[in-house]
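Only one structure is covered here, and it is reproduced in the block below.
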Amino acid sequence: MGDLELLLPGEAEVLVRGLRSFPLREMGSEGWNQQHENLEKLNMQAILDATISQGEPIQELLVTHGKVPTLVEELITVEMWKQKVFPVLCRVEDFKPQNTFPIYMVVHHEASIINLLETVFFHKEVCESAEDTVLDLVDYCHRKLTLLVARSGCGGPPEGEGSQDSNPMQELQKQAELMEFEIALKALSVLRYITDCVDSLSLSTLSRMLSTHNLPCLLVELLEHSPWNRREGGKLQQFEGSRWHTVAPSEQQKLSKLDGQVWIALYNLLLSSEAQARYCLTSFAKGQLLKLRAFLTDTLLDQLPNLAHLQSFLAHLALTETQPPKKDLVLEQIPEIWERLERENRGKWQAIAKHQLQHVFSPSEQDLRLQAQRWAETYRLDVLEAVAPERPRCAYCSAEASKRCSRCQNEWYCCRECQVKHWEKHGKTCVLAAQGDRAK
């Protein structure tokens, strides 16, 4: 695995020190693209570090140079861009870009950052180094989980297959919607890692989690709906590794990673002495939390023995009188990144979209070739395969694949027939990627 080192220690430090926040207007610009590429390299290196379990310099560098707050601000900035600017671009009737990859990079930026945060937030010192922005991150995770619960009532996430009648921007919207589901699942893991630090969080953060957002009740709803599980053709499927997998009958009682994250977050929030002292157990909260008893089976307790303490807590809660909502006057810190960005850019969304349409998302053929060359250098295939959780899947039918497109080396197929059927969709990207490789 050492041969697959993506960044030398000195190179990684230079990239981390160079991280900065970009205004919404500069999303997709040349400087922003360079930082996106740097973040992808840091992302892949962090996953490699975690895989070989030999120290994690990326996490240490982010803490040492105080860059975790920068990542949180970038995360929320691109989230706002996707909500406010991206829809404007999609509504422009005469905007028919030859290649949507420059826009896709901005759409994908949120996934890149939340993936990096998920990898490094496993370490408590990273959460502590987020300082005041942990409030903004808690709000971000709450927004994502609320959307996840709402979407689970509408049949779950969209499928990744496109329609032949869709134009490139419509296809991009579908990809963004599917990506949103995966981002929300990453946000769930980040939130769980924040709850691991519940005893050292500020009072404002605890209040935000327990009173403002009532996260324990939201997590109960997530367990009830389990949007990462579904029934298809009578078979149980779970969403993992960016796709749905059929679960064998013998594995169906096994606790999934995402269910485990919810249970651990609930355990942290309900059994921590700091949280218990501040969580108001109203009649509504009591009713919601007692629903957990139905899920605490012997099979679950065998896999997570610590949940026996949660079971005892719920048994005691069932006999406890509820509390009226607290009406104390409390002075507390509030998250400010989202509100500040909205205040700075209010009324400018159309202008930002127009500027980016003209100067960022309509590159020349030569610019596209240069970008393709940089992307090929960033996404090294040997590293991507090393960090992949499983064997590659066919780009057309999703079956396990063993053949790679010989021209661009990016897409995988299970057979020649699938490659031919997929060419109409893959062709332009393939030619561009191949040109980028030849330009190196």
Side-chain angles (χ1 to χ4, degrees), residues 138 141-157 181 184-185 187-196 198 206-231 236-240 247 251-326:
V138 165
C141 292
H142 175 259
R143 288 193 293 272
K144 296 301 176 184
L145 298 191
T146 302
L147 288 172
L148 199 55
V149 170
R151 178 171 286 164
S152 66
C154 304
F181 178 72
L185 299 183
L188 171 59
S189 294
V190 171
L191 180 66
R192 174 254 147 136
Y193 294 136
I194 293 174
T195 67
D196 286 346
V198 69
L206 271 179
S207 175
R208 199 81 182 167
M209 296 171 77
L210 299 171
S211 301
T212 308
H213 297 317
N214 199 347
L215 287 179
C217 288
L218 179 60
L219 291 170
V220 171
E221 285 194 72
L222 271 177
L223 272 182
E224 282 188 298
H225 294 289
S226 286
W228 45 85
N229 294 330
R230 72 178 186 185
R231 289 278 173 184
L236 176 65
Q237 293 187 333
Q238 287 181 350
F239 192 87
E240 190 175 350
V247 183
E251 297 287 314
Q252 291 184 8
Q253 295 299 314
K254 186 177 178 182
L255 185 69
S256 72
K257 176 185 174 182
L258 290 163
D259 283 303
Q261 298 286 43
V262 178
W263 280 112
I264 295 171
L266 279 165
Y267 181 92
N268 291 336
L269 289 173
L270 294 176
L271 297 186
S272 155
S273 56
E274 289 289 333
Q276 284 186 347
R278 287 166 179 79
Y279 188 41
C280 183
L281 285 166
T282 63
S283 57
F284 171 76
K286 177 179 177 179
Q288 288 293 103
L289 295 178
L290 289 179
K291 292 178 182 179
L292 293 173
R293 293 188 296 180
F295 296 96
L296 287 167
T297 62
D298 291 341
T299 305
L300 176 61
L301 292 174
D302 286 342
Q303 296 175 77
L304 278 178
N306 282 353
L307 292 184
H309 299 299
L310 180 59
Q311 193 176 44
S312 300
F313 167 82
L314 294 172
H316 176 73
L317 175 63
L319 305 173
T320 304
E321 291 292 326
T322 57
Q323 306 168 7
K326 294 181 180 179

If you apply the rule side-chain contact (heavy atoms from CB on, under 4.5 Å), what do you find for Leu314 with Leu296, and how did you get there? CA-CA 10 Å; Leu314 294 172; Leu296 287 167; 3.6 Å; yes

Any non-hydrogen side-chain atom of Met209 less than 4.5 Å from a side-chain atom of Ile194? yes

Taking ring pair (Phe, Tyr, Trp, His ring centres under 6.0 Å) as the test, write out the residues that go with Tyr193, two or more places apart. Phe122

In a table with atom names and distances, give each donor-acceptor pair under 3.5 Å that connects a side chain of residues 259-269 to protein atoms at least two apart or in another chain.
residue: Asp259; atom: OD1; partner: Trp228; partner atom: NE1; Å: 3.4
residue: Asp259; atom: OD2; partner: Trp228; partner atom: NE1; Å: 3.3
residue: Asp259; atom: OD2; partner: Ser256; partner atom: OG; Å: 2.7
residue: Gln261; atom: OE1; partner: Arg192; partner atom: NH1; Å: 3.0
residue: Gln261; atom: NE2; partner: Ser189; partner atom: OG; Å: 3.2
residue: Asn268; atom: ND2; partner: Thr195; partner atom: OG1; Å: 3.0
residue: Asn268; atom: ND2; partner: Asp196; partner atom: OD1; Å: 2.8
residue: Asn268; atom: ND2; partner: Ile264; partner atom: O; Å: 3.3

Are Thr146 and His142 close enough, and set up right, to give a side-chain contact (heavy atoms from CB on, under 4.5 Å), and what steps lead you there? CA-CA 6 Å; Thr146 302; His142 175 259; 3.5 Å; yes

How about Leu218 and His213: do any of their side-chain heavy atoms sit closer than 4.5 Å? no

Applying side-chain contact (heavy atoms from CB on, under 4.5 Å), run through Thr299 and Leu255 and close with a yes or a no. CA-CA 9 Å; Thr299 305; Leu255 185 69; over 6 Å; no

Is it the case that the side chain of Gln238 and the backbone of Leu258 share a donor-acceptor pair, with hydrogens and angles ignored and the cut-off at 3.5 Å? no

Donor-acceptor pair, Gln276 side chain versus Leu270 backbone, under 3.5 Å? yes

For residues Leu236 and Arg231, determine if any side-chain heavy atom of one lies less than 4.5 Å from a side-chain heavy atom of the other. yes

Steps toward side-chain contact (heavy atoms from CB on, under 4.5 Å) verdict (Thr320, Leu281): CA-CA 9 Å; Thr320 304; Leu281 285 166; 5.8 Å; no

Sub-4.5 Å side-chain heavy-atom contact between Pro227 and Leu222: yes

Under a 4.5 Å cut-off applied to non-hydrogen side-chain atoms, are Leu223 and Val220 in contact? no

Given the rule in the salt bridge (charged side-chain N to carboxylate O under 4.0 Å, His left out) test, do Lys291 and Glu224 qualify, once you have shown the distances and angles that lead to the verdict? CA-CA 9 Å; Lys291 292 178 182 179; Glu224 282 188 298; 3.7 Å; yes

Report, as yes or no, whether the 6.0 Å neighbourhood of atom NZ on Lys254 holds more than 12 heavy atoms from other residues, nucleotides or ligands. no

Are the side chains of Phe181 and Leu147 in touch, meaning some heavy atoms are under 4.5 Å apart? no

Would you say the side-chain atoms of Ser211 pair up with the backbone N or O of Arg208, donor to acceptor, closer than 3.5 Å? no

The side-chain contact (heavy atoms from CB on, under 4.5 Å) partner of Leu307 among Leu301, Asp302, Leu292 is Leu301

